[in-house]
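Single-structure report; data block below.
Naming: A, B, ... by sequence-line order, numbering from 1 per chain.
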Amino acid sequence: MADRRDAQMPCSPAGTGKTRRRLPFSKTAPIPTITGFPPSRSARMTPPTPPSRPTDAADDGTHEQGHPLTGTEEKGVAAALEKSRRDKLARLAALGKDPWGSRFDGAQPIAAVRTAGEALRRPAGEPPAEDGPTVRVAGRIMLQRSAGSLVFLDLADRSGRIQVMLGKKQVGPEAWQVADCLDLGDIVGIDGRLGWSKTGEMTIFAAGLEFLTKSIETPPDKFHGLVDPELKQRQRYLDLIHGEGVRDRFIARSRIVASVRQTLTDRGYLEVEGPTLQESAGGAAARPFKTHHNALDMPLVLRIALELHLKRLLVGGLERVFELGRVYRNEGLSPRHNPEFTLLEAYEAYGDYRSMMDLTEAVIRNAAAAAGTPARLTWMGHEIDLGKPFRRVGYDDLLREVTGCDPTDPASVVATAAARGLDTAGRHPDVVKSELFESSCEAGLSGPVFVIDYPAAICPLTKRKAGQPQVAERFELYVAGMEFANAYTELNDPDLQEELFRTQLAGLPADESMARMDHDFIRALRHGMPPAGGLGIGIDRLVMLLTQASSIRDVILFPLLRPAEDPRTRPAGG
RNA sequence: GCCCCGUUAGCUCAAUUGGUCAGAGCAUCUGACUCUUAAUCAGAGGGUUCUAGGUUCGAGUCCUAGACGGGGCACCA
């Protein structure tokens, strides 16, 4: 199957090196036998031959030839390393062992085995103890040390690492032949007695060795691991195996997300799922990704926010709803922005932005506990205390405190902004005020701090404060100068909402599909949406904070990357 | 989209002011070793110095353009 697909590849100029392809091995491939093991790129050149020792295979000379269809050349370190591994794969097949393994029941987590092993501790210098309980583990070979007829493996599973000793006499001749085919990165199952080595290392003394999966690729440097940030992102699976703390960080992410769900469901919120494909993208000021539905011959966009559909559900009487999902914004990339990111939005009927502040604190504090993050921490150079109630400060009060201007006097705001080099010509005073705030106040907000009561002109979806039409009931939560959450007392006046939409649309280019009026949303409001508080929290940033990451790419398993053209990222024919 | 920095073997890194500098460790192969642990010891193979031009007697090194990545700015969450 693999060969036929490869043979259908169009011919390409020989020697370009651009068309190298990885053979699509899969677990559905036939189990290799002595005469029918999977062909390697090099082996395809010759009829299947009985598996041989590497020395014999190296002497036939055929492995140095190129492939007639792809122009692939077999040369270089990468090819030599792969050949060595494929030779061992063939030897395993010759021994009647499936190099791709099968079900292996009853393996204990290595961490649990280690816990049991502690009770048997034997200090270095004492005779080795090999009389502990029988254990069974499975994992990847991280390190391999051979001392003649003894081989030590460091085996890793998702819970931890442990040393395994394979002795020629102890495992018997058949398993010893298998042991001779092991490479770093292979996956094996081990049965043996738990004990301690002469040098004081907890060790499983293997009695049985089950080969489970061959690794054809060479793993990264066993000591340094993967350090190239590009490779760490492009080949996250390797980063997870070798990166310091990488796996723990994504485990923490999973626990944080689970905790957020739990906090909300505990408070009577219903988790719902809105549409990702939409006719027009609303609820935020961002450009959407465009796509197309074939059967309906209809242009669609990916959602940029969750808001408008969740509010429809408030109209529908669900009262407390949240969605924890992916949104997509066609914006630039940065250490704090990925085009797709995970957003929590929660809406509570009969609440307001103050209820959302309480909810926000609960969500973050519970998530920190779930992730095992201490309440007091240093992140991005800011001292942060999540333990005590978050500070709440008025937008105008903060602006006055930092800049010395009078926020209630537009002339004072504009003059202060101009003095700080901001462009003020012909702009709405509240817009100038917003820019002054962003340039002068945000970076200093170590937080966590709720900035409350925003200028109404920059909050088109927000209810005004009673008796103060120029002030919107909105807060933003800042931590380390970065926006973490955004919440409102939601606007439920359909006539005012429609008017604000129209005002918003008037200032935007006609081809911005984000700027389309959502008539059905207005109609929903006309049926009556209860007064409500609404909250949005950027989950990726929350994970950054709670796992001490400085880049959003460190908390997203597969961040968006440009296609790799650099040959360095396509090693060994990939 | 703009600015700065980076790219050398599969991985991690060296290479004086442009001058035999294309090297080391890991990994791989061969040999030794039944308590090693980044195992060690002896030997071997392995390179389009990201790509394409240019300057020069001579370019990994200098210049131009491009690709990719990182950081910053802008936009946003």
Side-chain angles (χ1 to χ4, degrees), chain A residues 15-17 53-55 57-58 73 75-85 87-88 124-125 127-128 130 142-154 161 163-170 183-185 195-203 205 217-235 238 242 284-287 304-305 327 329-339 341-345 438 476-478 482-486 536-542 550-553 561-574:
Chain A
T16 61
R53 301 290 301 187
T55 40
E73 292 179 12
K75 62 176 186 178
V77 179
L81 295 177
E82 179 174 335
K83 179 187 171 314
S84 155
R85 285 164 180 265
D87 285 342
K88 289 176 185 170
E130 308 184 15
M142 305 302 290
L143 291 174
Q144 191 177 7
R145 300 171 289 279
S146 125
S149 302
L150 276 188
V151 173
F152 293 89
L153 306 176
D154 279 9
R161 281 199 191 197
Q163 172 170 278
V164 173
M165 193 190 86
L166 297 169
K168 185 177 184 178
K169 286 178 185 166
Q170 292 87 332
D183 282 305
L184 293 181
W196 289 74
S197 73
K198 187 190 286 180
T199 49
E201 174 87 12
M202 190 190 297
T203 302
F205 297 91
E217 290 280 356
T218 310
D221 186 296
K222 67 187 181 188
F223 184 57
H224 300 94
L226 263 195
V227 299
D228 183 330
E230 177 180 353
L231 290 182
K232 283 165 74 74
Q233 290 169 31
R234 287 194 191 279
Q235 298 182 268
L238 287 182
H242 297 98
R287 275 179 295 178
I304 58 173
V327 298
R329 298 190 180 177
N330 214 333
E331 307 284 350
L333 286 66
S334 89
R336 288 166 291 282
H337 301 85
N338 195 58
F341 64 99
T342 302
L343 181 63
L344 166 72
E345 287 196 25
E438 284 172 17
E476 291 202 32
L477 174 68
Y478 284 90
M482 197 186 296
E483 193 185 328
F484 266 70
N486 196 355
I537 296 180
I539 296 298
D540 307 279
R541 289 181 176 182
L542 180 60
S550 59
S551 169
I552 199 169
R553 293 165 173 273
L561 295 168
R562 291 181 206 244
E565 291 300 330
D566 187 336
R568 284 191 319 128
T569 63
R570 318 176 70 174

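Here A:Asn330 lies out of heavy-atom contact (under 4.0 Å) with every strand.
If you check B:C29, B:C76, B:G71 against the side chain of A:Arg329, the one that comes closest is B:C76.
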Hey, what are the protein-to-nucleotides 24-26 of chain B N/O distances that come in under 3.5 Å?
unit_1	atom_1	unit_2	atom_2	d
B:G25	N2	A:Asp221	OD2	2.6
B:C26	O3'	A:Lys222	NZ	3.0

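Comparing the same atom, C1', in B:U48 and in B:C3 gives a spacing of 31 Å after rounding to whole Å.
Between A:Gln233 and B:G70 there is a side-chain polar atom (N or O) within less than 4.0 angstrom of OP1 or OP2. When the side-chain nitrogen and oxygen atoms of A:Arg553 are compared with OP1 and OP2 of B:G69, none of them lie within a distance under 4.0 Å.
Taking the nucleotide of RNA chain B with the nearest heavy atom to each of A:Pro219 and A:Glu130, the more 5' of the two is matched to A:Pro219.
Scored by the side chain to side chain donor-acceptor pair (under 3.5 Å) test, A:Arg553 finds A:Gln233 as partners (sequence neighbours excluded). Residues meeting the salt bridge (charged side-chain N to carboxylate O under 4.0 Å, His left out) test with A:Glu130, sequence neighbours left out: none. Legend: residues meeting salt bridge (charged side-chain N to carboxylate O under 4.0 Å, His left out) with A:Asp183, ordered by chain and number and at least two apart, are A:Lys88, A:Lys214. Listed by chain and number, the residues in a side chain to side chain donor-acceptor pair (under 3.5 Å) with A:Arg145 are A:Asp154, A:Gln163 (sequence neighbours excluded).
A donor N or O paired with an acceptor N or O is found under 3.5 Å between the base of B:U36 and the side-chain atoms of A:Gln163.
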(request) Could you provide the dot-bracket string of RNA chain B, using ( ) for intrastrand pairs, [ ] for crossing pairs and | for bases paired to another strand, with Watson-Crick or G-U pairs below 3.5 Å? (result) (((((((..((((.....[...)))).(((((.......))))).....(((((..]....))))))))))))....
